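Structure first, commentary second.
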Amino acid sequence: MRPPSPSLFPSAAERKRLNDLLTDKLAEAAVRLRQGPVKPLFQAERCAAALAGYDFAASRPLEEGLAFAIAELEGGIVHKTHPRYFGLFNPAPTFPSECADRIVGAFNPQLAAATTSPAAVAIEAHVIAAVGKRAGLGDNIHGHFTSGGSEANFTALICALTRAEPRFAAEGARAFFGAPVFYVSADCHLAWVKIAHEAGIGRNAVRLVPTDGRGAMDAGMLRQAIAHDISTGHVPIMIVATAGTTNAGMIDPLTECAAISRSNTVWYHIDAAWGGGAIASDRLRPLLAGIELADSLTIDAHKWFATTMGCGMFLTRQGAVLPEAFQVNNSFMPSQAPSIDPYMTSMQWSRRFLGLRLFLPLAAAGWPGFGEHVERAVENASSLGELMTAKGWKVVNASRLAVVCLEPPEGSADVSTIAERVVRSGLAWVSEAKYEGRSVIRACITHGETSHDDILMGVGALERNCGAL
């Protein structure tokens, strides 16, 4: 019998040496990253030339590949792990979450069925129950980890369609007596349009409800939209409220949306992919009053809970609908327990063990530690807003979360130019966004190690780059 390939399966001693080497090299890179630009200047030609050297015709020492990967990522991506990345909702991961990825990579469990990975399935179920209970959904909570918010939101739509029409699972949208439709804020994450397409009900099924002039869904307009759809033969199946809009961190009227859902007997889902992190804080939790009334929730752990990327959650109090929506019969899986096996209650089949990414940080910090984490982010965002206001800028959104939308003083360069200049400077990363039809500079500060000095440097970058051309 041939021995294992030493390149792919090195000896225990060699693995330890390489693991130690990788740990040291990553630590060195982390120091350089903090001292360098948030967005390095990517040299496409140099990268292409380096890649051309990897034709895979012969073996090369793993040390070379490790050095290549670290160097290319260090010089070729926007560094969301940089403390002055004031960008989207993906901050630097916590150290316990990074540890989780190394553990999972080593054991590599397959979470499709509980029979093969009972401990991992139990850990994920425990975390889902803890998060759902913290959100107020009660004690009988079901759900699973997902690849991200889009998968979790897709799951909510499939559940809503399945509960609204039991024949949907077999017959699809044609089972309905009229075209199914659902309602989201006009300022929602537009992944919902793709989700409607993927679910087979078509992009026109998405009803974008106007906002109230402050970035949140207008409940009165929601009622009107539902009444109009019913009168024209459409079938409302779900209302989606957003808890923390992408552009401005606004929260839809959660309690009022719940009442409208009940009066129309439709599924009520809350997309709290980012803002759901506020449940960790006793002080911020009241901002999400009404979240406990949802049939289902989306929360992305890789956002405000700061896990490594690709770690969403779907949570529901209506657990019975999951096996109705996703159950299949086959002969090759080791178990077919609809209430336990993840492949029977979710859209994925082969599944990575994602839950450890949140279990370890929660175990290390507890809810109090995460509460301090999210409160600190809100304080940092508030500090940025106050400092910019003192310099003549205007904070236009009234979010009490960690997103600040800024308008520069009169006579400044346009917003897109300012954002481009700041990013090009490498000192910070901000983006252009729309808030109630206005172009704004958007800054989201959820990095767990952003300091006051980092805030001051961000303020200075905005000030230096706002001058008219």
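Just so you know, these numbers come straight off a predicted model, no measurement behind them.
- Using modelled atom types, no side-chain atom of D300 and backbone atom of K303 make a donor-acceptor pair closer than 3.5 Å.
- For N90, the side chain to side chain donor-acceptor pair (under 3.5 Å) test picks out no residue, with sequence neighbours left out.
- Here the CD1-CG distance, from I270 to D295, works out to 9.5 Å after rounding to the nearest 0.5 Å.
- Scanning for salt bridge (Lys or Arg N to Asp or Glu O under 4.0 Å) contacts around E420 gives R424, with sequence neighbours left out.
- E436 has no carboxylate O lying under 4.0 Å from a charged side-chain N of R214, or vice versa, which leaves the two without a salt bridge.
- Looking only at atom types and distance, the side chain of T298 has a donor-acceptor partner in the side chain of N153 under 3.5 Å away.
- Ion pairing between D101 and R357 holds under the 4.0 Å rule for side-chain N and carboxylate O.
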Exercise for the section: Please assess W267 against F182 for the test ring-ring contact (aromatic ring centres under 6.0 Å, His included), listing each intermediate value before the final yes or no. Expected result: CA-CA 9 Å; W267 189 276; F182 65 96; over 10 Å; no
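- With a 4.5 Å cut-off on side-chain heavy atoms, T242 and W274 do not count as touching.
- Under the 4.0 Å criterion applied to side-chain N and carboxylate O atoms, K391 and E386 are not assigned as salt-bridge partners.
- Shortest non-hydrogen contact noted between Y435 and A248 is CD1-CB, 3.5 Å.
- The OH atom of Y268 sits 8.5 Å away from atom CD1 of I291, with the distance rounded to the nearest 0.5 Å.
- Taking 4.0 Å as the cut-off between side-chain N and carboxylate O, R283 and E379 count as a salt-bridged pair.
- E432 has no carboxylate O lying under 4.0 Å from a charged side-chain N of R442, or vice versa, which leaves the two without a salt bridge.
- A donor-acceptor contact shorter than 3.5 Å links the side chain of E165 to the backbone of R167.
- When all heavy atoms of G277 and V374 are compared, the pair lying nearest together is O-CG1, 3.6 Å.
- At least one donor-acceptor pair closer than 3.5 Å links the side chain of H82 to the backbone N or O of G36.
- Here C47 contributes atom SG and F42 contributes atom CZ; the two are 4.0 Å apart, rounded to the nearest 0.5 Å.
- In this structure, a donor-acceptor pair under 3.5 Å is absent between the side chains of H189 and D187.
- Remark: side-chain polar atoms of H79 are paired, donor with acceptor, to backbone N or O of E74 under 3.5 angstrom.
- When atom types are taken as modelled, the side chain of R207 and the backbone of I239 share no donor-acceptor pair closer than 3.5 angstrom.
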Practice task
In sequence, state the C-alpha distance, the side-chain angles, and the governing distance for E292 and R317, and then conclude on salt bridge (Lys or Arg N to Asp or Glu O under 4.0 Å).
Solution key: CA-CA 10 Å; E292 69 281 357; R317 64 171 80 250; over 6 Å; no
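- Residue L401 comes nearest to G244 through the heavy atom pair CD1-CA, 4.2 Å, listed as atom of the first residue, atom of the second, then distance.
- Salt-bridge formation is not detected for the pair E410/K394: no Lys NZ or Arg NE/NH1/NH2 atom is positioned less than 4.0 Å from an Asp or Glu carboxylate oxygen.
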Practice task
May I have the step-by-step check of side-chain hydrogen bond (donor to acceptor under 3.5 Å, both in side chains) for T162 and E324, ending in yes or no?
Solution key: CA-CA 7 Å; T162 302; E324 291 179 27; over 6 Å; no
Problem - Residues S383, N380; criterion side-chain hydrogen bond (donor to acceptor under 3.5 Å, both in side chains); working and verdict - result: CA-CA 5 Å; S383 176; N380 275 338; 5.8 Å; no
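- For the pair N264 (side chain) and V266 (backbone), a donor-acceptor distance under 3.5 Å is absent.
- Between the OG atom in S97 and the NE2 atom in H302 there is a gap of 11.0 Å [rounded to 0.5 Å].
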Practice task
Run the numbers on L137 and K133 for side chain to side chain contact (heavy atoms under 4.5 Å, CB included), then give the verdict.
Solution key: CA-CA 5 Å; L137 294 185; K133 186 172 183 178; over 6 Å; no
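- Between D282 and R134 there is a salt bridge, since a side-chain N of the basic residue sits under 4.0 Å from a carboxylate O of the acidic one.
- Ring planes of F314 and H269: parallel class, angle under 30° (limits at 30 and 60°).
- Looking at R203, its side chain never comes within 3.5 Å of a backbone N or O of I195 through a donor-acceptor pair.
- Judged by distance alone, with hydrogens and angles left aside, the side-chain atoms of D218 form a donor-acceptor pair with the main-chain N or O of G220 at under 3.5 Å.
- In this structure, R163 contributes its side chain and A160 its backbone to no donor-acceptor pair below 3.5 Å.
- In this structure, R34 is not positioned above the aromatic face of Y85 in the sense of NZ or CZ being under 6.0 Å from the six-membered ring centre and within 45° of the axis.
- The aromatic ring centres of F370 and W304 sit 6.0 Å or more apart.
- Remark: side-chain polar atoms of R84 are not paired, donor with acceptor, to backbone N or O of I455 under 3.5 angstrom.
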